[in-house]
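This report concerns only the one structure given below.
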Amino acid sequence: MPEKPYDHSQIELKWRQRWENATLYQAEESSSKPKYYVLEMLPYPSGALHIGHIRNYSIGDALARYKWMRGYNVLHPMGWDAFGLPAENAAIKNQRPPREWTLENVAAMKRTYQRFAFSYDWEREVSTCEPEYYRWNQWFFLKMLERGLAYRKKALVNWCSECATVLANEQVVDGCCWRHETTPVEQRALEQWFLKITDYADELLRDLAMLEGGWPERVLTMQRNWIGRSEGTETAFTLDTGAPLRVFTTRVDTIYGATCVILAPEHPLTAALVDAEGQARAKAMVDARASQGPGDVEKEGFFTGHYAVNPYNRESVPVWVGNFVLMGYGTGAIMAVPAHDQRDFEFCSKYGIPIRPVIRPVEGELPSAPTEAFLDDGIVENSGEWSGLSSSHARQRMTAKAEAEGFGKDAVTFRIKDWGISRQRYWGTPIPVIHCPACGVVPVPENELPVRLPLDVKITGTGRSPLADVPEFVNARCPACGCAARRETDTMDTFVDSSWYFYRYCDSRNHQGPFDPGKIGYWFPIDQYIGGVEHAILHLIYSRFFTKVMRDIGLITNSEPTRRLFTQGMVIRNGRKMSKNLGNVVAAEEVADKYGADTGRLFALFAAPPEKDVDWIDAGVDGIYRFLGRVYRFVTRSLEQIPGPPGAGAADRRILRKLHQTIHKITDDFETRWHFNTCIASLMELVNDLHAHEGKLSGPVLRTTLENLTLLLGPFAPYLAEEMWEELGRTGPVCRQPWPVYDPDLAKEDEIEIPVQVNGKLRGRVTAPVDALPDDIERRALGDDKIKQFIVGKQIVKVITVPGKLVNIVVK
RNA sequence: GCCCGGGUGGCGAAAUCGGCAGACGCAAAGGACUUAAAAUCCUUUGGUGGGCAACCACCGUGUGGGUUCAAGUCCCACCCCGGGCACCA
C-alpha cells in the first residue's frame with residue numbers, strides 16, 4: 001500500500017465536522033468513575049487566541065484527555081471573562097456597543113478553541129456578561145451586605161486617569177495602573193464599596209498550609225507576603241493635649257530607645273496638632289507619595305511642636321510628621337527607635353534626633369555611637385526593670401504589663417486591605433443597591449435581581465460612570481419606602497466575576513440559585529487548576545476569599561477551591577509577555593492555517609517544559625510538522641505489513657522494548673512533572689526506531705506498536721491520532737480508549753553497556769547482562785583490553801561498581 | 001535592599017536519586033532521488049589538537065574555591081539575567 005501524504009487541513013476538517021455534534025467531552029452527571037475536575041483560567045475575549053493561550057490550553061487539554069483514558073469522569077469546562085474595559089474602549093473608538101463587540105469576539109475565539117480541538121464541555125459554557133451569570137454576582141453581594149462583609153466608605157483610592165476609574169491595591173503595579181503601565185496612579189477621595197477580605201486574612205493565611213505540596217511554593221510565598229501578618233503590641237503614648245496616641249510595634253522590647261513619635265501625614269492627629277502651614281506640608285507629602293513611583297524616597301518630616309509621654313518610662317518625646325509613615329498600616333503612627341530600626345535611624349540622623357541603643361547582642365557590647373541600626377534580637381539594656389531580659393522575653397512581659405495597666409495590648413496587623421470593588425464604568429455588574437434620600441442605602445430585593453445593565457448606552461469615556469447618564473436606569477423607587485430614589489451607578493470590579501465562575505460550571509443553567517450545592521459536593525475541589533503566574537495574588541486570593549464566604553453562608557462545605565495549581569510560564573516575544581496590548585502576538589489561526597492545529601499544539605509543548613518562560617521564535621515549528629508527517633506516512637505505508645505473520649526477531653524485541661520504555665516515560669510524566677517536551681522527544685525516538693527497523697518487524701508487533709503510538713500521541717495531537725486510529729481499522733474515539741499499559745519485562749534491556757572509568761576518567765565500556773552482579777561487572781571491566789592499558793603496572797586502590805551505571809577503578 | 005527562579009553547543013533544550021554532559025528538535029554542511037527545484041531519505045555536526053582510518057588525547061555546563069572514587073547536580077563566596085516584594089514599623 002503506498003503511503004499517504006500528510007494533509008493536515010483535510011484530516012483536521014474531517015474530524016472537526018464529525019466531532020461537531022458529538023457529546024465527546026461532556027462530563028457525566030452521575031458516574032461510578034472517579035471524578036477529575038481540570039480547569040484552565042478563563043480568558044478575556046480580546047478577539048483572537050495567540051500562541052501563549054495555545055500553550056496554556058494544550059497543557060490542560062493533554063491532561064484532560066489522559067485522565068479520560070485513565071478512566072476518570074472528567075469535567076473540563078471553559079468560559080469567558082467577558083466584562084471589562086477593552087469593550088468600552090472599543091465602543092468609544094468604533095461606535096460599537098460593548099455587548100456586540102464582546103459577543104463577536106467570543107464567537108471568533110470559540111471557533112479557534114474548537115479548531116484546536118480543545119476538549120471542553122461547551123454545554124457548561126459561562127459568559128460573565130450575561131444577566132444569568134452576573135445576577136449571582138449581585139446575589140453574592142447582597143449576601144455579603146447582610147453579613148457586614150460589603151460596606152461603603154469614603155476613602156483615598158487609587159485612580160487611573162486613563163481608565164477613568166478606581167483600581168484595587170492589587171491592580172497598582174510600580175505606582176502605575178496594571179493596564180496602563182506608564183500612567184501614574186493618583187489618590188482621590190471617593191465613596192466606595194469594599195468587600196471585607198480582612199475578616200478572612202487570618203484564615204487565608206493559615207489555610208495556605210492546606211495547599212502546601214499542591215501549589216507552587218512561589219505562589220504560596222507571594223500570598224503570605226501579600227497578606228503580611230505581623231504580631232506585635234499596640235500601645236498608647238499620651239499627648240500633651242491629654243489625648244492618646246496609639247502606635248503599633250513588633251519591637252516593644254526597644255521602647256526605651258524611642259526618641260520620638262512619628263505620625264503619617266494623613267493621620268487625623270496631624271491636622272489637629274499642626275498649624276495651617278504644617279497642614280499644607282502634610283498635604284504636599286500625601287500628594288507627592290501618590291505620584292512617586294517605587295524606589296527609595298528621601299525621608300522627610302517636621303516637628304509638630306507637641307510632645308507625647310512614653311507609657312513605660314514616662315519620658316516625654318517630640319511628635320513629628322514623617323512621609324515614610326503609612327496611614328494604611330498599623331495605627332498610622334510609629335514610635336521611632338533609631339538605634340534598632342534602619343528607617344528610624346535614617347530619619348533621626350537627618351533631623352538630629354537622639355539615637356539611644358537599648359539592645360545589645362547576646363555576645364557583645366551595647367554600641368555607643370552606631371553607624372547603622374542594630375536590628376537583631378538581643379539583651380535589653382538601659383530599660384529600667386526590664387534590663388537583662390532577652391528581647392523575646394521582654395516583649396511578652398512588657399505587653400502583659402500594658403494589658404494589665406490598660407495602655408496597650410497584643411495586636412496583629414495585616415498588610416492586606418479590604419477589597420475596593422467600585423468601578424465608575426459601564427461594562428460590568430451593576431452594584432444592586434438604591435440610594436434613598438430618606439432611608440439611605442437600601443439593597444435591591446433578591447427577587448428583583450438581576451439589576452440589568454441597559455444596552456443602549458452612550459460611552460464617552462469621561463470621569464463618571466456612563467450609567468449615571470441613563471435616566472431609566474438611575475431613577476428608581478426605594479424598595480423600603482417607595483419614594484423616588486437613585487440607583488447606584490458604579491459597577492463591580494471584574495475580579496468579582498472570576499472569583500466564583502468555576503462553581504457555576506458545575507451547574508451553569510441553574511435559575512434558582514448560583515448552583516446546586518450537591519453538584520459542588522461532587523466536583524469540588526478542583527483537582528487541577530492551570531494558569532499564568534501573573535494571577536498569583538489577584539485572582540487566586542479573591543477566589544479563595546469567595547470560597548470561604550460561600551462556605552460560611554452554607555452554600556458549600558469546602559474551604560479551598562483548588563487542590564493543585566500549576567502555573568505555566570509566559571510566552572515572551574520581543575522581550576515582552578505576548579499580549580494583544582503589546583502587539584507582539586503570534587495568532588493561533590495563522591499557525592493552524594499553515595501547519596495545522598496538531599502542529600501548533602505540539603510545538604507549544606515541545607519548546608520548553610511548561611513551567612518555564614519561553615522566548616517565542618518560529619524556528620523549530622517545521623521540525624514538529626515534519627515529525628507528524630513522518631508518523632502519518634509510516635503508518636499508512638505499513639498497513640499492508642500489519643496482517644503479516646508473527647515472529648520473534650531481534651527487531652521485534654527491540655521495538656517492543658522501546659515502546660514500553662516510551663509508555664513508561666510518558667505515563668510517569670503525566671503523573672508527576674508534566675515535562676511534555678521530553679514526552680514528545682521520546683515519541684520522536686520511538687518513530688526514529690521504527691524507521692530504523694522498517695521491513696524487519698512482524699505484523700503483530702507492528703500493529704501493537706502503531707496502535708500504542710497512536711494512543712500515546714492522542715493527548716497531544718488529537719486529530720492525527722484519530723485519523724491514524726481509523727487507518728489502523730479501529731473505531732471509537734482515541735480519547736476514550738484505555739491508556740497503554742506498561743510492561744516492565746518487555747521494557748527491560750537484556751544487555752547493557754557499562755562505562756568504565758579509571759581515576760574518574762572515562763576509558764572504555766564493557767557489556768554485561770542487565771542483572772549482572774557487581775563482581776561479574778568488575779571482572780569484565782578489569783579484564784577489558786583497553787582498560788588494562790591504563791592500570792598495568794599500577795596499584796589498584798579500590799574499585800567502585802554501581803550495577804547498571806558504571807565502574808570506576810582507582811589506581812595509584 | 002530582601003525573597004524566589006534561572007545561567008549547559010550557532011539556537012530551543014535533555015541529563016527525574018551524586019554515576020557516560022549535550023537525548024530530541026532547529027539551523028548548517030555533505031550525499032541519495034530529480035532534467036532541475038521543493039518534498040523525502042541517509043550521513044556529519046561542543047571546542048582544540050593528532051591520525052589514511054574504525055579512532056585517540058586534552059579541554060568543556062556563568063566565575064573562584066571546597067566535599068567526593070566521581071559534581072551540570074551537593075556546600076561556600078561572587079557575577080549576570082528574569083520574576084515577586086519593597087519604607088508594612
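In what follows, every chain begins at residue 1, and chains take the letters A, B, ... in the order their sequences are listed.
Between Arg281(A) and Glu300(A) no salt bridge is recorded (no basic side-chain N to carboxylate O distance below 4.0 Å). The residues Asp784(A) and Lys786(A) are annotated as not salt-bridged, no charged nitrogen and carboxylate oxygen being separated by less than 4.0 angstrom. Using a 4.0 Å cut-off between a side-chain N of Lys or Arg and a carboxylate O of Asp or Glu, Asp776(A) and Arg780(A) qualify as a salt bridge. With salt bridges taken as basic N to acidic carboxylate O contacts below 4.0 Å, none links Arg779(A) and Asp775(A).
One can find a donor-acceptor pair under 3.5 Å joining the base of rC87(B) and the side-chain atoms of Lys299(A). For a distance-only test at 3.5 Å, the side chain of Arg218(A) fails to qualify as a donor-acceptor partner of the base of rC3(B).
Within 4.0 Å of Arg763(A), counting heavy atoms only, lie sugar-phosphate atoms of the nucleic acid but no base atom. Among the heavy atoms of the strands lying under 4.0 Å from Val325(A) is at least one base atom, whether or not backbone atoms are also near. Contact annotation for Pro609(A): backbone-only contact, meaning every heavy-atom pair under 4.0 Å involves sugar-phosphate atoms and none involves a base. Nucleic acid contact for Lys761(A): sugar-phosphate only, since backbone atoms but no base atoms lie under 4.0 Å from a heavy atom of the residue. Residue-level contact check: Val802(A) touches the bases, meaning some heavy atom is under 4.0 Å from a base atom. When heavy atoms are screened at a 4.0 angstrom cut-off, Tyr632(A) is found touching no nucleic acid atom at all.
Residue Lys612(A) places no side-chain N or O under 4.0 Å from the OP1 or OP2 atom of rA14(B). Of the side-chain N and O atoms in Lys786(A), one or more sit less than 4.0 angstrom from OP1 or OP2 of rC56(B).
If you measure from atom CG of Asp613(A) to atom C1' of rG5(B), you get 9 Å, rounded to the nearest angstrom. rC85(B) atom C1' lies 13 Å from atom CD1 of Ile541(A), rounded to whole Å. Look at CD1 on Ile572(A): it is 13 Å from C1' on rG6(B), rounded to the nearest Å. Regarding Asn225(A), its CG atom lies at a distance of 13 Å from the P atom of rC87(B), rounded to whole Å. Met222(A) has its CE atom 13 Å from the C1' atom of rG82(B), to the nearest Å. Following rounding to the nearest Å, Leu326(A) (CG) and rA89(B) (P) show an atom-to-atom distance of 10 Å. Note: CG (Asp669(A)) to C1' (rA15(B)) measures 13 Å, nearest angstrom. The distance between atom CD1 of Ile227(A) and atom P of rC85(B), rounded to the nearest whole Å, is 14 Å.
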Heteroatom pairs (N/O) under 3.5 angstrom, protein to nucleotides 21-25 of chain B:
from    : atom 1 : to        : atom 2 : distance (Å)
rA23(B) : O2'    : Glu685(A) : OE2    : 3.1
rG25(B) : OP1    : Asn688(A) : ND2    : 3.2

Quick one: which protein N/O atoms are closer than 3.5 Å to N/O atoms of nucleotides 46-50 of chain B? Pair and distance per line, please.
none

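The side chain of Phe324(A) lies closest to rC87(B), out of rC87(B), rC69(B), rA57(B). Distance from the side chain of Arg765(A) is smallest to rC20(B) among rA89(B), rC20(B), rC58(B). In this structure, the nucleotide among rC87(B), rC41(B), rC69(B) sitting nearest to the side chain of Arg633(A) is rC41(B). Each of rC26(B), rU40(B), rG12(B) was ranked by its minimum atom distance to the side chain of Ala619(A); first place goes to rC26(B). Comparing rC41(B), rG19(B), rG12(B) by their closest approach to the side chain of Leu806(A) singles out rG19(B). Listed candidates were rC11(B), rC85(B), rC69(B). Nearest to the side chain of Trp226(A) is rC85(B).
The distance from the CG atom of Leu605(A) to the OG atom of Ser58(A) is 5.0 Å, given to the nearest 0.5 Å.
Applying the side-chain hydrogen bond (donor to acceptor under 3.5 Å, both in side chains) rule to pairs touching residues 617-630 of chain A yields His8(A)-Tyr625(A), Tyr595(A)-Asp622(A), Trp616(A)-Asp618(A), Arg630(A)-Asn688(A), sequence neighbours excluded.
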(message) Counting Watson-Crick and G-U wobble pairs with both distances under 3.5 Å, what is the dot-bracket string for RNA chain B, 5' to 3', using [ ] for crossing pairs and | for pairs to another strand?
(response) (((((((..(((......[....))).(((((.......))))).(((((....)))))..(((((..]....))))))))))))....

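The closest donor-acceptor contact from the side chain of Tyr312(A) to the backbone of Met398(A) lies under 3.5 Å.
Residues Tyr329(A) and Ser230(A) have side chains that bring a donor and an acceptor to within less than 3.5 angstrom of each other. In the model, Glu346(A) has no side-chain atom that pairs as donor or acceptor with a side-chain atom of Tyr351(A) under 3.5 Å. With no hydrogens or angles considered, no side-chain donor-acceptor pair links His340(A) and Arg251(A) at under 3.5 Å.
Glycosidic conformation of rC17(B) is syn; the angle stays within 90° of 0. For rG9(B), the base is syn relative to its sugar; the glycosidic angle is within 90° of 0.
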(request) Output, in order, the C-alpha distance, side-chain angles, deciding distance and verdict of side-chain contact (heavy atoms from CB on, under 4.5 Å) for Trp215(A) and Gln223(A). (result) CA-CA 11 Å; Trp215(A) 280 38; Gln223(A) 293 214 353; 3.9 Å; yes

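Between rG83(B) and rA29(B), the distance separating the two P atoms is 36 Å to the nearest Å. For the P atoms, the distance linking rU43(B) with rC55(B) amounts to 15 Å, nearest Å. Taking atom C1' on both nucleotides, rA54(B) is separated from rU44(B) by 16 Å, rounded to a whole Å.
With sequence neighbours left out, Asp615(A) forms a side-chain contact (heavy atoms from CB on, under 4.5 Å) with Ile572(A). When the ring-ring contact (aromatic ring centres under 6.0 Å, His included) test is applied to His539(A), the partners found at least two apart in sequence or on another chain are Tyr529(A).
The aromatic rings of Phe676(A) and Phe670(A) are tilted relative to each other, their planes meeting at an angle between 30° and 60°.
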